[in-house]
Enquirer: 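Below is a structure I'd like to ask you about.
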Amino acid sequence: MQLATWNINSLKVRIGHVQDWLRSNPVDVLCLQELKLTDENFPVAEIAALGYTSHFTGQKTYNGVALLVNHAKVGEATDIVKNLPNFPDEQQRLITATVGGVRVVCGYFPNGQSLESDKFAYKLNWLDALTHWLSGELQRHPQLALLGDYNIAPEDRDVHDPAKWEGCNLVSPQERQAFARLQGLGLRDTFRMFEQPEKTFSWWDYRMGAFRRNAGLRIDHVLASAALAERCTGCEIDRVPRTWEQPSDHTPVVATFKD
DNA sequence: ATGGCTAGCAAAGCTAGA
């Protein structure tokens, strides 16, 4: 079983990239973030033509998340939950479903903007609510994966220039503690279960030739519950779509699990 | 390299992203 996550930064602009990527990477579930469109504008037919069922919760302009399910390989998704039941929120940042015996949680974590911002407090509150909700969800579903754009680089080796970024939004101690609390639930960062090339990142700024200089961050993650992590045989970041014309600033992360 | 892209909204520069 393969689970993937990709912040596509506007599904309207990137539908062609999603189609191209899924044709060469027919994963079982693809989690998308930053749809930036309302539900009535979701390209259900284009995704269905690829053999995937779409489940999504969108909003105008911002946020929006989706689960694309390869129904021929893993069957249809069940028990779909949109957003955090314990955190009323206008912003559409979470969608969860059971697919192929795994509870798949797709999240677009708040960015935070800066440590002084109200958005940073919102980010920490959102992370707190997510952690509490997940503790119950893990009891109900021992096989669970949390995929998405976390907007957190968990360690300095996930940052191209740790000195420059020290204490900043995305790498601050508060955010890394929140990430550690997720790990405290038994969730494991599948990427770090395996040997990886140094300076492997999942996001590069559009500006300043950041991709060319590999000046990136690893902020997109696949975390797996203890029981699911036992089945994990690999986790890779696919930087190829970042080389395509008019790319998303994020690139897909794919985790593979034994049946 | 100290936001110097990009997308959305809407019709010109704003907000937001990370």
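In the text below, chain A, chain B and the rest are named by the order of the sequence lines, each starting its count at 1. Just so it is clear, the structure is predicted and the values come from calculations on it, not from any experiment.
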Enquirer: Please round to the nearest 0.5 Å and tell me the distance separating atom CG of A/L94 and atom OG1 of A/T57.
Expert: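 Reported to 0.5 Å precision, the distance equals 9.5 Å.
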Enquirer: When all nucleic acid strands are considered with a 4.0 Å heavy-atom cut-off, which category describes A/F211: base, sugar-phosphate, or nothing?
Expert: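 Answer is nothing: A/F211 stays at 4.0 Å or more from every strand.
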Enquirer: What nitrogen or oxygen pairs link the protein and nucleotides 9-12 of chain B at under 3.5 Å?
Expert:
| residue | atom | partner | partner atom | Å |
| --- | --- | --- | --- | --- |
| B/dC9 | OP1 | A/T61 | OG1 | 3.1 |

Enquirer: Is it true that A/R207 and A/D249 make a salt bridge, defined as a side-chain N closer than 4.0 Å to a carboxylate O?
Expert: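 Here A/R207 does not pair with A/D249 in a salt bridge, since their nearest N and O are not under 4.0 Å apart.
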Enquirer: Choose from B/dG17, B/dA7, B/dA1 the nucleotide whose nearest atom is closest to any side-chain atom of A/M208.
Expert: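 Nearest nucleotide to the side chain: B/dA1.
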Enquirer: Please lay out, stage by stage, how A/L11 and A/F56 fare under the test side chain to side chain contact (heavy atoms under 4.5 Å, CB included).
Expert: CA-CA 12 Å; A/L11 184 54; A/F56 47 85; over 6 Å; no
Enquirer: Would you indicate, yes or no, if B/dC5 has its OP1 or OP2 atom less than 4.0 angstrom from a side-chain nitrogen or oxygen of A/Q246?
Expert: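 So the side-chain polar atoms of A/Q246 never come under 4.0 Å of the phosphate oxygens OP1 or OP2 of B/dC5.
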Enquirer: Rounded to the nearest Å, what distance is computed from the OH atom of residue A/Y206 to the C1' atom of nucleotide B/dG3?
Expert: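 It is 15 Å, rounded to the nearest whole Å.
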Enquirer: B/dG17, B/dG3, B/dT2: which one has an atom nearest the side-chain heavy atoms of A/D205?
Expert: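 It is B/dG3.
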Enquirer: State which residues pass side-chain hydrogen bond (donor to acceptor under 3.5 Å, both in side chains) with A/D189; sequence neighbours excluded, sorted by chain then number.
Expert: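 Counting only residues at least two positions away or on another chain, A/D189 forms a side-chain hydrogen bond (donor to acceptor under 3.5 Å, both in side chains) with A/R218.
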Enquirer: Report which part of the nucleic acid A/K123 touches: base, sugar-phosphate, or nothing (heavy-atom distance under 4.0 Å, all strands).
Expert: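 Here A/K123 touches no strand at all.
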Enquirer: Of all the choices, B/dT2, B/dT15, B/dT6, which nucleotide is nearest to the side chain of A/R14 once you look at every atom?
Expert: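 For the A/R14 side chain, the nearest candidate turns out to be B/dT6.
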Enquirer: Please determine, for the side chain of A/K119, which listed nucleotide (B/dG17, B/dG8, B/dT2) has the closest atom?
Expert: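 In terms of side-chain proximity for A/K119, the closest of B/dG17, B/dG8, B/dT2 is B/dG17.
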Enquirer: Any ion pair linking A/R103 and A/E137 (charged N to carboxylate O, less than 4.0 Å)?
Expert: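 Counted as a salt bridge, because a side-chain N and a carboxylate O are separated by less than 4.0 Å.
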Enquirer: Salt bridge or not for A/D156 and A/R176, using N-O below 4.0 Å?
Expert: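 Yes, this pair counts.
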Enquirer: Heavy atoms from C-beta onward define the side chain here; which of B/dC5, B/dA16, B/dA7 lies closest to that of A/R207?
Expert: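 My answer, after comparing the listed nucleotides, is B/dC5.
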Enquirer: Tell me what A/N151 touches on the nucleic acid: a base, only sugar-phosphate, or nothing, going by heavy atoms under 4.0 Å.
Expert: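 Since only primed, P, OP1 and OP2 atoms lie under 4.0 Å of A/N151, the category is sugar-phosphate.
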Enquirer: Taking only side-chain N and O atoms of A/R213, does any of them lie within less than 4.0 angstrom of OP1 or OP2 on B/dA1?
Expert: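 Negative; the distance criterion is not met.
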Enquirer: With a 4.0 Å cut-off on heavy atoms, is A/N7 in touch with a base, just the backbone sugar-phosphate, or nothing at all?
Expert: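 Result for A/N7 = sugar-phosphate.
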Enquirer: Nearest 0.5 Å, please: how far is NZ in A/K60 from CD in A/Q92?
Expert: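 It is 15.0 Å, given to the nearest 0.5 Å.
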